[in-house]
Trainee: 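First the structure, which I've put down as structure tokens, then a few questions once you've had a look.
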Amino acid sequence: MLCTVDKEGYIRVDGRLLAAFKILLKTAIFVSISFAAVSSRLFSVIRFESIIHEFDPWFNYRATKYLVTHSFYKFLNWFDDKTWYPLGRVTGGTLYPGLMVTSSVLYHLLHKFGLPIDVRNICVLLAPAFSSVTALATYLLTLEISDTVKGLRFKKTAAFFSALFMAIVPGYISRSVAGSYDNEAIAITLLMLTFYFWIKAVRHGSVFYASLTALSYFYMVSAWGGYVFITNMIPLHVFILVLMGRFSYKLYTSYCTWYVLGTVMSMQIPFVGFLPIRSNDHMASLGIFGLLQLVLVANYLKRVLTAEKFHRLMIASGFLVFTLGIAAIVVATKVGLIAPWTGRFYSLWDTSYAKIHIPIIASVSEHQPTPWASFFFDMNFLVWLFPVGVFLCFQDLSNESVFIIIYSVLASYFAGVMIRLMLTLSPVVCICAGLCLGRICGIYMDFRDEISAKAQKSASRVFSLVSKLLVSASVIFYLYYYVQHCTWVTSNAYSSPSVVLASKLPDGSNTIIDDFREAYYWLRMNTAEDSKVMAWWDYGYQIGGMANRTTFVDNNTWNNTHIATVGKAMSVGERESEVIMRRLGVDYVLIIFGGLIGYSGDDLNKFLWMIRIAHGIWPDEVDETKFFTRDGNYRVDDLASQTMKDSLMYKMSYYRLSEAFGGSDPVDRVRRQRLSRPYAESIHLDVLDEVFTSENWIVRIYKLKDPDNFGRDLVSIGEENLAGKSRRALRKLTRTKPDTQLNLL
Amino acid sequence: MKKVAKRAAEKNKKASGKPYHQDLAHSVTLAYKSYLKGLQENQKLRLIDTFLAFLVCIGILQFIFCVLVGTFPFNGFLGGFISAVGQFVLTVSLRLQCLESNQSSFKGILPERAFGDYIFASIILHFVVIHFIN
């Protein structure tokens with residue numbers, strides 16, 4: 001019999017049945033967590049279509065297509081002449097191939113099984129698929145940690161909570177909705193997996209788990225530049241443990257194995273190359289590796305020698321090692337063996353560094369410091385469970401909890417500095433919140449004492465029952481509210497592909513603005529295949545991916561000067577700009593203009609960054625202050641500064657805008673400024689021809705005119721023409737005699 | 001380990017003044033003796049330590065070669081050097097895991113399992129190194 005009822009009226013269940021039931025329940029929970037994780041990421045597919053989002057994913061998608069159609073070696077040696085014209089980009093050597101390799105392996109695997117799924121769909125759905133793996137990895141990691149936390153009765157509950165939080169936390173969803181085919185999509189999974197193996201390795205001192213840590217670290221290195229976070233987290237963990245006097249042979253075996261294997265493996269990625277032994281970002285791990293060797297020797301001596309002798313020996317050798325180490329680092333940096341700290345690194349410590357020194361980094365919105373509200377927005381009630389979880393770790397302070405503490409401190413700092421790094425914070429927040437809720441459930445959701453017949457006094461029983469019910473109810477309420485919030489945030493904030501925009505008509509019905517694809521499709525169909533399109537770098541990947549045309553700069557931003565050149569061409573007057581464009585070999589110029597429909601992410605709003613970046617290279621020729629009015633306002637209407645009015649970007653944006661408004665004054669709906677009609681009509685372009693403007697005017701494409709046959713200056717021709725026009729207009733007005741003369745110009 | 005300990009001790013001698021001199025030397029000889037004693041008792045340890053000494057020699061040789069001749073195929077040098085260092089570290093780990101006195105800290109890792117792990121990690125290491133050397 002599997003079930004029996006004993007004398008006291010309890011139902012006794014057989015152990016095997018219970019175990020089977022447990023497994024069944026666990027599987028069911030995991031299936032539902034995965035389901036929640038995947039389905040909440042599908043808003044964008046359902047609302048729009050299966051499409052690649054934003055900017056970077058378009059490059060990844062293009063690279064994946066290349067990998068699927070070419071061989072792996074060709075992919076690694078891929079020289080892309082369609083970008084960074086005329087320089088080209090050594091794409092194979094300057095990308096993290098992990099993401100593309102993953103999806104191409106999936107693609108081939110599925111085809112082997114007879115499931116002919118399109119590359120695009122694999123790319124679109126990769127991030128949701130991996131998010132459910134992340135939930136599983138978080139579960140395992142939390143389980144490892146909660147195992148050591150004393151006083152936590154329901155260890156698995158804590159782990160399940162963290163998995164559930166991780167599955168739908170908006171901070172992570174923001175980078176992993178369907179279509180957001182970016183490195184982070186798989187990197188967070190690998191981050192969790194690496195940490196899980198690392199914790200496991202430290203706990204058991206196992207070389208095997210340390211090797212697995214190294215393997216998943218390698219995968220991480222191949223997938224995301226953020227691997228440096230692990231490279232510094234693990235040594236820091238070891239260092240703090242050593243400082244706490246927790247050195248053990250386990251620590252030695254796991255760290256050294258991980259370091260050696262991980263380092264040599266990470267050097268196999270072409271983009272990383274010799275960085276692990278050259279760059280300062282990696283020096284901490286090398287230093288800890290050396291330190292551990294010394295500590296091991298010291299540990300041996302400590303066992304053998306008397307305390308006094310050991311003490312003396314340590315002071316002498318410690319002093320020596322310290323001076324030698326500092327000297328080595330200084331000399332190596334001076335000689336140039338170690339690369340100097342990079343700009344992105346400085347900007348992590350000094351938030352205003354980038355703004356002053358490297359405008360190109362500061363110009364990216366996701367590199368801005370995080371506003372307070374977005375912590376709540378991205379984590380909801382986990383924000384206040386997080387410190388409690390950290391506190392629990394402090395109470396416990398096992399090796400594993402120390403890891404979580406370090407992780408939470410570092411990640412909180414980085415998330416505060418850069419909004420993008422909210423992504424690395426969310427896992428640890430989920431883990432800590434899981435630990436905390438696990439604890440709460442262990443205490444307040446356990447009604448066995450209250451229900452059992454062996455009762456205490458009834459009054460205290462009722463009292464404890466009420467308090468428990470109260471706490472449980474509020475926890476359940478918060479959980480419910482969390483799910484609501486996550487769903488709402490995901491559907492409203494993070495599910496827009498930004499290639500296709502949704503908007504509401506005045507009558508409340510939804511409409512889809514598809515200007516980007518319309519324009520890119522136009523480019524693809526109506527321009528010569530080798531024509532070169534100049535656009536600001538944000539749109540480089542999209543033009544490459546959707547229009548399949550050569551671009552000058554793109555989101556890879558490896559060459560600041562080249563970007564500054566494009567910025568300069570946009571911000572100077574027509575005559576100067578023409579020279580630059582001819583030298584670059586521009587055929588078409590593409591700009592984004594949101595003034596008509598009120599799309600705020602347009603080029604005129606990014607214009608200041610173009611000016612700043614150009615100013616960084618040509619301080620004398622491009623001056624930011626001149627683009628403001630005398631009283632320091634950024635104006636685009638009649639009162640705009642002359643430099644502004646002359647700049648190519650300004651002219652391209654407002655050229656012919658008056659025609660869209662019939663007889664009334666044109667209004668820029670983004671900057672909320674009104675241009676007077678005669679002024680708007682007077683904006684003219686001499687070196688460019690308008691060839692395409694999309695339905696809502698978001699994308700405008702201009703063609704650079706061919707040089708004049710008689711070798712005249714295009715701008716002066718234009719001016720003459722204009723003068724002729726006004727003369728003709730005058731004549732028409734006065735009507736002294738009919739205009740029979742053919743005006744050839 | 002012997003070499004490392006010795007080297008550290010030698011450095012100490014130079015760094016510290018004369019009053020310490022004899023004392024430190026005494027400490028080192030004491031440590032060395034107890035190390036030898038440990039070796040004599042265990043056949044396996046002798047084997048492992050010979051291998052370790054060999055690896056240290058190889059590492060130093062490569063380093064001298066690289067200083068004298070130059071680092072030209074840098075990946076080649078790195079691969080060779082890292083394989084020596086890596087194998088050294090892995091072997092030290094194996095040595096630690098095999099010692100009976102350490103069994104209490106490595107719960108659940110028997111010497112046989114340790115050896116299996118060692119082989120697993122070594123295979124990965126050398127596979128990657130070969131790929132690196134090209």
Side-chain angles (χ1 to χ4, degrees), chain A residues 201 203-212 214-215 218 248-268 273-274 276-278 289 292-294 296-306 308-310 312-321 323-324, chain B residues 1 4-5 7-9 11-17 20 23-24 26-28 30-35 38 74-75 78-79 82-83 85-90 92-97 99 101-102 105-109 113-125 127-129 131-132:
Chain A
R203 241 182 111 185
H204 302 286
S206 150
V207 172
F208 175 68
Y209 281 115
S211 315
L212 288 185
L215 281 176
F218 167 66
S248 67
Y249 294 137
K250 290 184 198 175
L251 211 57
Y252 179 88
T253 42
S254 43
Y255 183 77
C256 290
T257 311
W258 167 75
Y259 178 70
V260 168
L261 289 180
T263 307
V264 71
M265 278 198 252
S266 63
M267 285 196 270
Q268 309 306 309
F274 296 126
I277 54 161
R278 286 251 170 90
F289 179 68
L292 273 188
Q293 314 299 326
L294 296 177
L296 184 71
V297 174
N299 211 40
Y300 176 72
L301 291 177
K302 190 180 177 183
R303 268 201 322 192
V304 179
L305 298 177
T306 57
E308 196 196 349
K309 278 179 181 167
F310 172 71
R312 275 187 204 159
L313 199 64
M314 276 304 102
I315 290 177
S317 57
F319 179 71
L320 195 75
V321 167
T323 16
L324 278 183
Chain B
M1 264 186 46
V4 179
R7 240 183 292 145
K11 278 177 200 162
N12 287 330
K13 274 182 211 161
K14 281 171 206 159
S16 53
Y20 284 132
D23 191 32
L24 291 178
H26 181 65
S27 313
V28 172
L30 207 70
Y32 185 55
K33 268 181 194 165
S34 90
Y35 165 74
F74 194 48
N75 51 344
L78 264 189
I82 289 179
S83 80
V85 173
Q87 198 61 56
F88 178 83
V89 171
L90 289 177
V92 170
S93 303
L94 176 69
R95 189 183 192 278
L96 291 173
Q97 290 181 336
L99 275 181
S101 53
N102 292 341
S105 65
F106 290 105
K107 267 175 215 155
I109 297 187
R113 157 118 198 247
F115 192 63
D117 288 356
Y118 172 70
I119 289 177
F120 174 72
S122 303
I123 287 175
I124 296 180
L125 176 69
F127 176 76
V128 177
V129 163
H131 178 258
F132 196 28

Trainee: Between A:S206 and chain B, with a heavy-atom cut-off of 4.5 Å, which part of the residue counts as in contact: side chain, backbone, both or neither?
Mentor: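 Looking at A:S206, backbone and side chain both touch chain B.
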Trainee: What part of A:L215 lies closer than 4.5 angstrom to a heavy atom of chain B: side chain, backbone, both or neither?
Mentor: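 Looking at A:L215, just its side chain touches chain B.
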Trainee: Name the option with the most non-hydrogen atom pairs under 4.5 Å to chain B; the candidates are A:V207, A:I315, A:L212, A:T257.
Mentor: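 Option with the top pair count is A:V207.
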Trainee: For B:F132, which atoms come within 4.5 Å of any heavy atom of chain A: side chain, backbone, both, or neither?
Mentor: both
Trainee: Would you say the side chain of A:Q293 lies within less than 4.5 Å of the side chain of B:V89, judging by non-hydrogen atoms?
Mentor: yes
Trainee: Partners of A:A214 by side-chain contact (heavy atoms from CB on, under 4.5 Å), sequence neighbours excluded?
Mentor: A:W258, A:L261, A:M265
Trainee: I'd like to check B:L125 versus A:V260 (side-chain heavy atoms, cut-off strictly below 4.5 Å). Are they in contact?
Mentor: yes
Trainee: Do the side chain of B:Q97 and the main chain of A:G205 share a donor and acceptor less than 3.5 angstrom apart?
Mentor: yes
Trainee: Locate the shortest heavy-atom distance separating A:V264 from B:V128; write the atom from each residue and the value.
Mentor: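 What the structure gives for the nearest pair is O-CG1, 3.8 Å.
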Trainee: Mind checking whether A:F274 and B:F74 have parallel, tilted or perpendicular rings, split at 30° and 60°?
Mentor: perpendicular
Trainee: To the nearest 0.5 Å, how far apart are OH in A:Y259 and CD1 in B:I82?
Mentor: 7.5 Å
Trainee: Just give me the residue among A:A298, A:C256, A:S248, A:A210 that pairs up with chain B most often, heavy atom to heavy atom, under 4.5 Å.
Mentor: A:C256
Trainee: Measure the shortest side-chain to side-chain distance between A:T253 and B:D117 over non-hydrogen atoms and say whether it is less than 4.5 angstrom.
Mentor: no
Trainee: Please confirm whether the backbone N or O of B:Y35 pairs with a side-chain atom of A:Y300, one donor and one acceptor, at under 3.5 Å?
Mentor: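 At least one qualifying donor-acceptor pair exists.
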Trainee: Between A:F218 and chain B, with a heavy-atom cut-off of 4.5 Å, which part of the residue counts as in contact: side chain, backbone, both or neither?
Mentor: neither
Trainee: Using non-hydrogen atoms and a 4.5 Å limit, figure out which bit of B:L78 sits close to chain A: side chain, backbone, both or neither.
Mentor: side chain
